[in-house]
Amino acid sequence: MTASRTDLPADATVAVRHPDAPAPGTVLPAHYAHCFGCGAAERHGLHLAIVAGEGVEVTATFEVTEHHQGAPGLAHGGLLASALDEILGMLGHLTRMSCVTARLETDFRRPVPVGSTLHLRSRADGVAGRKLYASAEGRLGGTDGPVAVRARALFVQVGLEHFAEHGRPEDLEAVARDPRLIGVPDYTVNP
Ligand SMILES: CCCCCCCCCCCCCCCC(=O)SCCNC(=O)CCNC(=O)[C@H](O)C(C)(C)COP(=O)(O)OP(=O)(O)OC[C@H]1O[C@@H](n2cnc3c(N)ncnc32)[C@H](O)[C@@H]1OP(=O)(O)O
């Protein structure tokens, strides 16, 4: 079988939880108030409340509503991938790496009906230089329920300049006026 671009490379090391990472059980702050995945200020967002687990692992629950449909009464696959992307990206809170998604591979195993609760979990699988390898799953109805969606991802660590260079100026200016819009510590500057 051909190796996937999200397979752990031979030189990968175990991802380490930062000593200042929030304690297990802590609801992690949104990394950006207008983030579609976790931001409270984003009216149309998923509003995921993501909780730090043990090691480098986080969890969340996602209530699937009529606003998330792709087919009648069923969740849209791209939206489910967004929820997985978000919970994977939040692992950076625990490693203190500010990472962006470079690759996201998603398997859709079961349809997800409107009205269901997806129990999301992600974990870091390893680190190689700037690359963080991680995986996630969403289970229907409970933490032991059947797997409906699963993902493997590669995140790449970036500096603040990534956001400063590429972000829309008016949104960057809003952050400069109100730094509380960003909910992550300054770990890209002071790792
Ligand atoms: C002022 C405001 C502050 C705000 C503070 C907020 C902080 C907290 C933000 C958290 C946010 C999370 C939110 C949820 C997660 C998103 O949704 S993030 C948004 C979606 N993702 C993106 O927009 C990323 C777009 N892509 C890029 O910008 C660039 O391609 C990347 C990913 C930064 C990589 O570019 P690069 O830095 O030039 O690095 P590059 O040398 O190309 O690649 C580095 C390594 O990764 C490998 N690689 C890169 N892409 C791939 C790929 N697709 N497949 C396989 N390998 C790859 C390369 O082969 C290379 O490997 P090595 O040679 O080191 O072995």
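For reference, positions follow the sequence shown, starting with 1. Atoms within each ligand, like the ligands themselves, are counted from 1 in listed order.
Which parts of ligand 1 touch Arg130 is read off a 4.0 Å heavy-atom cut-off, strictly below it: atoms 36 (P), 37 (O), 39 (O), 44 (C). Here is the list of ligand 1 atoms found below 4.0 Å of a heavy atom in Val158: 33 (C).
In Val175, neither the side chain nor the backbone holds a heavy atom less than 4.0 Å from any atom of ligand 1. Using a 4.0 Å cut-off between heavy atoms, Thr101 contacts ligand 1 through both its backbone and its side chain. Using a 4.0 Å cut-off between heavy atoms, Leu88 makes no contact with ligand 1 at all.
Aromatic rings from Phe62 and His119 are positioned such that their centres are separated by 6.0 Å or more.
In terms of N/O distances under 3.5 Å, ligand 1 is not approached by Ser98.
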Please tabulate, for side-chain N and O atoms in residues 70-90, each donor-acceptor pair with protein atoms closer than 3.5 Å (sequence neighbours left out).
| residue | atom | partner | partner atom | Å |
| --- | --- | --- | --- | --- |
| His76 | ND1 | Gly78 | N | 2.9 |
| Ser82 | OG | Gly78 | O | 3.1 |
| Asp85 | OD1 | Thr101 | OG1 | 2.6 |
| Glu86 | OE2 | His31 | NE2 | 3.1 |

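Note on ligand 1: His162 sits in its first shell, one or more heavy atoms being nearer than 4.0 Å. Within the 4.0 Å heavy-atom cutoff, Cys99 counts among the residues contacting ligand 1. Ligand 1 has at least one atom lying under 4.0 Å from a heavy atom of Asp85.
When Phe163, Tyr133, Phe36, Phe155 are ranked by how near their heavy atoms come to atom 6 (C) of ligand 1, first place goes to Phe163.
For Asp107 (side chain) and Arg109 (main-chain N/O), no donor-acceptor pair under 3.5 Å exists by modelled atom type.
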